[in-house]
Amino acid sequence: MSARLIDGKALAQQLRQDLRNRVTSLAARGTRAGLAVVLVGDDPASRVYVANKIRACDECGVQSRRHELPASTSEAEVLALVARLNADPQVHGILVQLPLPRHIDVRRVVESIDVAKDVDGFHLYNVGALVVGQAILPPCTPHGVRRLLESTGVALAGRNAVVVGASNIVGKPMAMMLLQQEATVSICHARTRDLAQYTILADVLVVAAGCPGLITGPMVKQGAIVVDVGINRLPDGRLVGDVDFDSVSRRAAWITPVPGGVGPMTVTMLIENTLHAAERCAESVAAV
Ligand code: GUN
């Protein structure tokens with residue numbers, strides 16, 4: 001079998017067209033959607049991610065502001081900036097790029113973001129809302145993966161779903177979303193013994209481990225849907241995922257490429273969340 005490609009780039013482009021129309025229609029009603037991105041320090045990967053996010057804003061007509069702070073910035077200064085952005089009516093979404101320098105308490109910063117502007121969906125209230133199936137601002141990467149899975153047209157109810165990676169950003173919320181779609185969900189992580197005994201049972205396999213080539217063909221069920229969230233830069237400069245594309249695509253029915261799979265969808269979901277936050281803000285102002 002040779003897997004069909006789940007083309008994240010094409011789907012993202014299609015969704016961005018709809019988002020552009022929504023941005024225009026909101027602007028006609030007097031609200032220009034706005035996102036503030038906070039970058040502390042000079043992590044090279046974070047710089048690239050932030051540049052992609054700003055570019056996507058431009059492409060969709062969302063106003064963006066980039067706040068770049070040196071790595072020596074104190075936690076109090078970051079909290080003060082977030083407080084200003086919380087109070088700014090032109091800012092509908094706030095994203096603090098992670099990781100933060102070690103001297104800054106990530107949870108304290110994330111919890112300081114206004115829940116209604118938390119377009120990453122990382123605030124504890126938004127995490128809780130996701131757990132009970134009431135997410136308003138779902139975390140962008142798993143939300144993008146959900147859309148990619150929907151695009152295959154395969155119903156997930158009753159299927160075995162395995163998530164490899166248990167991070168707060170991807171693995172855990174991904175598992176919650178798959179559970180809401182009535183899949184039977186297992187979460188594997190760095191301490192899982194004999195990973196292959198889980199992955200081989202997966203009808204849907206989502207891999208977010210940050211480990212190049214972790215999943216190989218023999219670990220994958222024939223006909224599975226495989227989504228690769230990994231983005232790893234090899235010493236020779238190549239960008240690869242956590243899934244060995246060549247061997248796995250011979251067994252899977254569907255597979256995402258890297259690059260061009262999950263990445264463009266993550267950024268698109270950020271724009272969708274920002275627009276959603278702006279629309280909700282405009283509605284609440286209109287209702288007063
Ligand atoms: N760092 C890696 N992924 C993300 C993300 O989705 N949001 C933020 N804020 N930081 C990240």
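Indexing begins at 1, ligand by ligand and atom by atom, following the structure's order. Numbering of residues begins at 1 and proceeds along the displayed sequence.
Here Tyr49 has no heavy atoms under 4.0 Å from ligand 1, in either its backbone or its side chain.
Close contacts between ligand 1 and Val96 involve ligand atoms 8 (C), 9 (N) [criterion: under 4.0 Å to a heavy atom]. Taking every heavy atom of Leu95 and a limit of under 4.0 angstrom, the matching atoms of ligand 1 come to 9 (N).
Of all protein heavy atoms, the one lying nearest to atom 10 (N) of ligand 1 is Leu98 N, 3.0 Å. The protein heavy atom nearest to atom 9 (N) of ligand 1 is Asp120 OD2, 2.6 Å. When hydrogens are left out, the protein atom nearest atom 11 (C) of ligand 1 is Gln97 NE2, 3.4 Å; that is the closest non-hydrogen contact.
Closest heavy-atom contact between Ala116 and Leu137: O-CD1, 3.8 Å. A pairwise comparison of heavy atoms in His276 and Ile136 identifies CD2-O, 3.4 Å as the closest pair.
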* **Stepwise side chain to side chain contact (heavy atoms under 4.5 Å, CB included) check, Val154 with Trp254** => CA-CA 10 Å; Val154 176; Trp254 295 89; 4.1 Å; yes
* Asked: Are Arg66 and Val50 close enough, and set up right, to give a side chain to side chain contact (heavy atoms under 4.5 Å, CB included), and what steps lead you there?
  -> CA-CA 8 Å; Arg66 188 197 319 226; Val50 166; 4.2 Å; yes
* Under the side-chain hydrogen bond (donor to acceptor under 3.5 Å, both in side chains) criterion, do Arg20 and Gln17 qualify, and how do the steps go? -> CA-CA 5 Å; Arg20 270 194 291 274; Gln17 183 56 52; 2.8 Å; yes
